[in-house]
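As a basis for the values below, the full set of heavy atoms in this structure was taken, side chains included, without hydrogen atoms, waters or symmetry mates. The first residue of the sequence shown is numbered 1, and numbering continues consecutively from there.
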Amino acid sequence: MNSAPTPASTRTRIKICGLTREEDVDAAVAAGVDAVGFVMYAPSPRHVSAERAAELARRLPPFVTAVLLFVNASAADIAAACALLPTALLQFHGDETPETCLQAGRTFMRAARIPLDESPADGADAFDLVKYVEDFKAAQAILLDAHVDGFGGSGKTFNWSLLPPSVNAHLVLSGGLTPANVTDGILQVRPRCKTLAVDVSSGVEISAPGGSTLKGIKSADKIHHFVAAVRAADDLLAGHHVRLPTA
Ligand SMILES: O=C(O)c1ccccc1NCC(=O)[C@H](O)[C@H](O)COP(=O)(O)O
């Protein structure tokens, strides 16, 4: 048993992404997450229209943030979605430049897609996160995701140990997180940044044959276990003895 609850100041904030159903929004809210993400990228199997995102976002209580996720969207599409969700946080997950992100005129997160390879086979320079953070200094946070085909939502992790020892930014750890690995991810990455949040999509979806998941269909049970694993990391970082939750 923990000796005391984790002080809110050290609580790792949680975003669940790729929501498409009312029951999953309700389950995320009930589990105590801080943000829910709606994928505005049409090729994604988790895509919802801006109108649908607005409809789902109306279920959110105060202080739970809606996030609109874009991949190389037009300024017109971004503006139309922002008109329907005027308080949403924007997440740019494609090849957007700092200027493009700023043109939206809204608070935004910028995804950094971290190569999976420990040493890129083609001799390309390793990803320079410190420079990326500087380039996107106007971003509220940098979301660290695995660099895969299709931009994101892959369920793949990158090598957390290869991150720089100190990053002067609010980070969001993402990419292949699950109830089984998120505690370790927080313990490894939290000491390297100003604050850390976590983001998950595949890892809380209903399992499908062949090790895949039902894209956009979340498991309330997995959401609950994910949140419990995040809290376990918070308690460990706060120096409390915890019994790690079983996955
Ligand atoms: O979720 C998608 O389908 C998606 C498609 C294209 C670009 C980004 C996408 N998701 C971005 C997210 O923020 C995901 O939560 C993140 O990539 C982590 O996904 P997962 O590895 O499945 O947890």
### Query
What about Val204 and Val25, same hydrophobic cluster or not, with Ile/Leu/Val/Met/Phe/Trp/Tyr joined at side-chain heavy-atom distances under 4.5 Å?
yes

#### Entry: Leu129 side chain reached by Leu144 side chain, heavy atoms, under 4.5 Å
yes

### Query
Backbone N or O of Gly216 within a donor-acceptor pair of the Thr20 side chain at under 3.5 Å?
yes

#### Entry: Pair listing, salt bridge (charged side-chain N to carboxylate O under 4.0 Å, His left out) test, anchored in residues 57-68, at least two apart
Asp26-Arg59

### Task
Check side chain to side chain donor-acceptor pair (under 3.5 Å) between Ser212 and all other residues, then give those that pass, not counting sequence neighbours.
Lys215

### Task
Find the distance between CD (Gln140) and CZ (Phe108) and round it off to the nearest 0.5 Å.
9.5 Å

### Task
Check whether any side-chain N or O of Arg106 sits under 3.5 Å from a backbone N or O of Ala88 as a donor-acceptor pair, and report yes or no.
yes

### Query
When rounded to the nearest 0.5 angstrom, what is the spacing between CZ in Phe70 and SG in Cys82?
5.0 Å

### Task
Verify side chain to side chain contact (heavy atoms under 4.5 Å, CB included) between Met40 and Gln91, making sure each step is shown before the conclusion.
CA-CA 10 Å; Met40 300 283 102; Gln91 177 178 324; over 6 Å; no

### Query
Roughly how far apart are Ile16 CD1 and Asp199 CG, rounded to 0.5 Å?
8.0 Å

### Message
Distance check, rounded to the nearest 0.5 Å: Leu214 atom CG versus Ser202 atom OG?
### Response
11.0 Å

#### Entry: Cluster overlap Ile14 with Phe38, hydrophobic side-chain contacts below 4.5 Å
yes

### Message
Taking the basic N atoms (NZ, or NE/NH1/NH2) and the acidic carboxylate oxygens, is any pair closer than 4.0 Å for Arg113 and Asp95?
### Response
yes

### Task
Apply the test side chain to side chain contact (heavy atoms under 4.5 Å, CB included) to residues Ile114 and His147: give CA-CA distance (whole Å), side-chain angles for both, the deciding distance (0.1 Å), then the verdict.
CA-CA 5 Å; Ile114 314 289; His147 191 165; 5.7 Å; no

### Query
Within 45 degrees of the axis of the six-membered ring of Phe92 and under 6.0 Å from its centre: does Arg110 put its NZ or CZ there?
no

### Query
Any sub-3.5 Å donor-acceptor pair from Arg190's side-chain atoms to Ala197's backbone N or O?
no

### Task
To the nearest 0.5 angstrom, please state how far the CZ atom of Arg13 sits from the CG atom of Asp234.
10.0 Å

### Query
Backbone N or O of Asn168 within a donor-acceptor pair of the Lys194 side chain at under 3.5 Å?
no

### Task
Look at the rings of Phe127 and Tyr132 and say which category their plane angle falls in: under 30° parallel, 30 to 60° tilted, over 60° perpendicular.
tilted

### Task
Would you check, one step at a time, whether the test side chain to side chain donor-acceptor pair (under 3.5 Å) holds for Asp221 with Ser219?
CA-CA 5 Å; Asp221 192 51; Ser219 157; 5.1 Å; no

### Query
Hey, are Lys131 and Glu134 close enough for a salt bridge, meaning a charged N less than 4.0 Å from a carboxylate O?
no

### Query
Do any N or O atoms from the side chain of Asn181 and from the backbone of Thr178 form a donor-acceptor pair under 3.5 angstrom?
yes

### Message
Counting C-beta onward and ignoring hydrogens, is there a side-chain heavy-atom pair between Val36 and Lys15 closer than 4.5 Å?
### Response
no

